[in-house]
Amino acid sequence: MTDQKTRTGSGGRTFRDVLGFTWRHWTRQPVRVLAVALAALFGALADVFTPHYAGELVDALARNAANGAAPTWHAAIAAFWMLTALGLAGTLMRQLAFQNIIVLTLRMMSEIATQAFHRVQRFSTDWHANSFAGSTVRKITRGMWALDLLNDTLLVALFPSLVMLVGSTVLLALQWHVMGLVVGLGSLLYLAVTVSLSLFYVAPSARLANAWDTKMGGALADAISCNAVVKAFGAETREEARLARVVSKWDKRTRRTWRRGTFNGGVQGVLLVAMQAAILGAALMLWARGLASVGDITFALTLFFLLKGYLRDVGMHVRNLQRSVNDMEELVMLDAQPLGIDDKPGAPPIVIDRGDIRFENMTFRYGADQRPLYENLSLRIAPGERVGLVGHSGSGKTTLIKLIQRLYDVSGGRITIDGQDIARVLQASLRSQIAIVQQEPVLFHRSLAENIAYARPGATRAEIERAARQASAHDFIAALPHGYDTLVGERGVKLSGGERQRVAIARAFLANAPILIFDEATSSLDSESEVLIQQAMERLMVGRTTVVVAHRLSTVRALDRLLVLERGRVVEEGSHDALIRRESGLYRRLFERQALELTKGLADDVVLR
């Protein structure tokens, strides 16, 4: 919240940010924007001149009644046709504006949604770890629809209204200076009060209401996505109470915003009544002094009633402008958010043939931490070598594999693969050549075939099935009612942990990447699933540079080399057999502790039976 307040502390700055964002998107469709603006302009000008010809029509009729002269009748007919033409022209111009703004706005909304999704996908791992998915979706969708209101307000509502106000003031001033002065000053006062109240009174309250609206979306998504845990602990009532607290805050903030908006509308109504009295009073005074005819009074009255409608609309348009800006500001902030890990300009794709990974005097620290996790680490993983990372929780194992994927940038030194600095190549090309099987593999709510083929979208069904067989997944998939077309549920919840792991391994088989990473892939599985997955892992490792992170040390015994990490340092290195012979070694202590826990668990199981 502190960062948000710092950025949006100035209402004017928020408006400038949002309007600048909108302007940049307008410049991508300049012809369309110009067409909307010109159509709206000519439609407004038709309304500006309508009162003038209404006054001429009344004057012509009044002269004709008094004198019966034919020329006055012709003047009345001419005024009639001008009024008809102005009405048709205004309608046609407004239709033209509406047809063009539909295309303009839909293209802009599509661009904004696409670009926001593009950026969100490329935000850093830390950003995603600290952000609610539901809140992010809410920011994007709310901002998209606010753009629709903003375009309508600026191009086909507020702009024509301002044209009407300026045109009316000029026409009245040309005929009666005092009337032009009344309308001009009254309009300026009305606009100044309306804008000030919206910008400095309603907008700050709306900003807080939107922040709580975003939090409510995040709270809903968090509870719904974790519904299995909620049910497991019978915590439905507790979650409802938690949401109720968020909804209560949202209710208070929103109520205050709506009340301020209503007060703003009331002030605008009082100003309109005062302006009405001033204009009508001036018109009556001019008529009483013989300075205005009946047609002039008709002109003034018609113009005022048109003006009153436009002024009332201006108040509504300013409120809509304020609301749409408030609704868009979180989307604009998202657009301005740094990616965190960005490709260098002109970065080439990486080419990995051998899979030779090197850490060269690499230093890494999290964020602003003073103490680095890794400092001057130099390490090589040879092509085709199978390396295990072992150590206590927090020793840096998972961070090391994230650095290989360039999910973080190093603070010093560099990481190379086949001699190429991974910080200077395209991230997507790097990660597409690294197959990873995570501890908790995430699946899309799509079919099993689509999930396996995610590694290679163009794969045939035969290739998908072959990968599933290699991963020991084909048998359980074939037994499902819809086989490979079975939908797996959100994040794969319809499958067991072992089944999800085998699908993830099948995906890795299909990727056929030169570098392979297993991130504690068997740590939370039963013994039977672990055996199947271990066999699949061994098949997958053949011919690939492999990095295995493991808590269960039984899974790394057959690897070529083990790296024992402690607080970001490699404290031991060697094969399982070599490390287990070190009497005071860390690896031996970890292995013996796990062996003891396993023996105790088996003994307890025998006693229970």
Side-chain angles (χ1 to χ4, degrees), residues 355-366 371-404 413 415 437 439 515-531 533-535 537-538 540-542 544-608:
D356 185 3
I357 304 172
R358 295 175 187 256
F359 296 82
E360 300 176 359
N361 297 315
M362 188 270 290
T363 297
F364 173 75
R365 58 172 55 83
Y366 281 105
R371 180 181 176 185
L373 174 60
Y374 289 104
E375 188 169 13
N376 295 323
L377 175 69
S378 292
L379 177 68
R380 184 193 180 199
I381 301 175
E385 187 178 19
R386 301 174 303 166
V387 173
L389 303 181
V390 179
H392 295 293
S393 295
S395 59
K397 303 185 298 296
T398 299
T399 301
L400 198 67
I401 63 173
K402 287 182 177 180
L403 289 170
I404 295 173
I415 302 171
V437 180
Q439 180 180 4
I515 297 176
L516 178 63
I517 294 175
F518 289 102
D519 187 5
E520 303 180 19
T522 62
S523 64
S524 57
L525 302 177
D526 60 86
S527 299
E528 184 177 351
S529 295
E530 183 179 0
V531 169
I533 289 171
Q534 189 68 41
Q535 292 171 350
M537 286 171 58
E538 290 172 1
L540 184 55
M541 289 182 200
V542 175
R544 294 180 173 88
T545 303
T546 305
V547 181
V548 180
V549 177
H551 278 310
R552 290 190 183 182
L553 301 184
S554 58
T555 62
V556 297
R557 297 179 65 168
L559 298 181
D560 301 323
R561 182 162 55 116
L562 304 181
L563 301 177
V564 184
L565 300 177
E566 182 71 14
R567 297 181 181 178
R569 293 183 302 111
V570 178
V571 294
E572 295 177 17
E573 182 177 353
S575 67
H576 167 78
D577 293 336
L579 293 176
I580 203 69
R581 287 196 294 268
R582 295 187 183 182
E583 294 187 3
S584 58
L586 176 59
Y587 180 80
R588 178 168 175 167
R589 291 201 306 272
L590 292 172
F591 188 83
E592 288 175 346
R593 185 179 304 162
Q594 286 195 7
L596 181 63
E597 290 172 356
L598 178 61
T599 303
K600 185 176 182 300
L602 291 173
D604 290 343
D605 187 48
V606 170
V607 170
L608 289 173

**Report entry** Exam field: side chain Thr363 to backbone Glu375, donor-acceptor pair closer than 3.5 Å
**Finding:** no
Query raised in the report: Can you tell me if Arg589 uses its side chain to pair, donor with acceptor, with the backbone of Ser584 under 3.5 Å?
Result: yes
Report task. Decide yes or no for Tyr587 and Val571: does some side-chain heavy atom of the first lie under 4.5 Å from some side-chain heavy atom of the second? Result -> no
Query raised in the report: Within the side chain of Asp560, is there an N or O that forms a donor-acceptor pair under 3.5 Å with the backbone of Arg386?
Result: yes
Requested in this report: Report the C-alpha separation of Thr546 and Val387 in whole Å, then their side-chain angles, then the decisive distance to 0.1 Å, and conclude whether the side chain to side chain contact (heavy atoms under 4.5 Å, CB included) test is met.
Outcome: CA-CA 6 Å; Thr546 305; Val387 173; over 6 Å; no
Query raised in the report: Do the side chains of Leu559 and His576 get nearer than 4.5 Å, heavy atoms only?
Result: no
Query raised in the report: So do Leu563 and Val390 actually touch side chain to side chain, heavy atoms under 4.5 Å?
Result: no
Query raised in the report: Is Leu389 close to Leu400 at the side-chain level, that is, under 4.5 Å between some pair of heavy atoms?
Result: yes
Report task. Using a strict cut-off of less than 4.0 Å between a Lys/Arg side-chain nitrogen and an Asp/Glu carboxylate oxygen, indicate whether Glu583 and Arg588 qualify as a salt bridge. Result -> no
**Report entry** Flag side-chain contact, heavy atom, 4.5 Å: Arg365 against Arg371
**Finding:** no
Query raised in the report: Would you say Glu572's side chain and Leu586's backbone share a donor-acceptor pair under 3.5 angstrom?
Result: yes
Query raised in the report: Between the main-chain N or O of Leu565 and the side-chain N or O of Lys397, is there a donor-acceptor pair closer than 3.5 Å?
Result: no
Query raised in the report: Roughly how far apart are Thr545 OG1 and Ile357 CD1, rounded to 0.5 Å?
Result: 5.5 Å
Report task. Quick one: which residue pairs count as a ring pair (Phe, Tyr, Trp, His ring centres under 6.0 Å) with a foot in residues 374-396, not counting sequence neighbours? Result -> none
Query raised in the report: Heavy-atom distance under 4.5 Å between the side chains of Val549 and Phe518, does that happen here?
Result: no
Report task. Could you tell me the separation between the CD1 atom of Ile415 and the CZ atom of Phe359, rounded to the nearest 0.5 Å? Result -> 4.5 Å
Requested in this report: Taking the side chain as every heavy atom from C-beta outward, state whether Val564 and Leu579 have any atom pair closer than 4.5 Å.
Outcome: yes
Query raised in the report: After noting the C-alpha distance and the side-chain angles of Glu573 and Leu562, does the key distance pass the side chain to side chain contact (heavy atoms under 4.5 Å, CB included) rule?
Result: CA-CA 6 Å; Glu573 182 177 353; Leu562 304 181; over 6 Å; no
Requested in this report: Would you confirm whether Ser378, through its side chain, and Glu360, through its main-chain N or O, come within 3.5 Å as a donor-acceptor pair?
Outcome: no
Requested in this report: Take atom CZ of Arg569 as the centre, draw a 6.0 Å sphere, and report whether it contains more than 12 heavy atoms from other residues, nucleotides or ligands.
Outcome: no
Query - Exercise: identify the closest heavy-atom pair between Asp577 and Ile580 - result: O-CG2, 3.2 Å
Requested in this report: Taking the side chain as every heavy atom from C-beta outward, state whether Met541 and Leu516 have any pair of such atoms under 4.5 Å apart.
Outcome: yes
Requested in this report: List the atom of Ile381, the atom of Asp356, and the distance in Å for their closest heavy-atom pair.
Outcome: O-OD1, 3.4 Å
Query - Residue Arg582 excluded, over 12 heavy atoms near CZ under 6.0 Å - result: yes
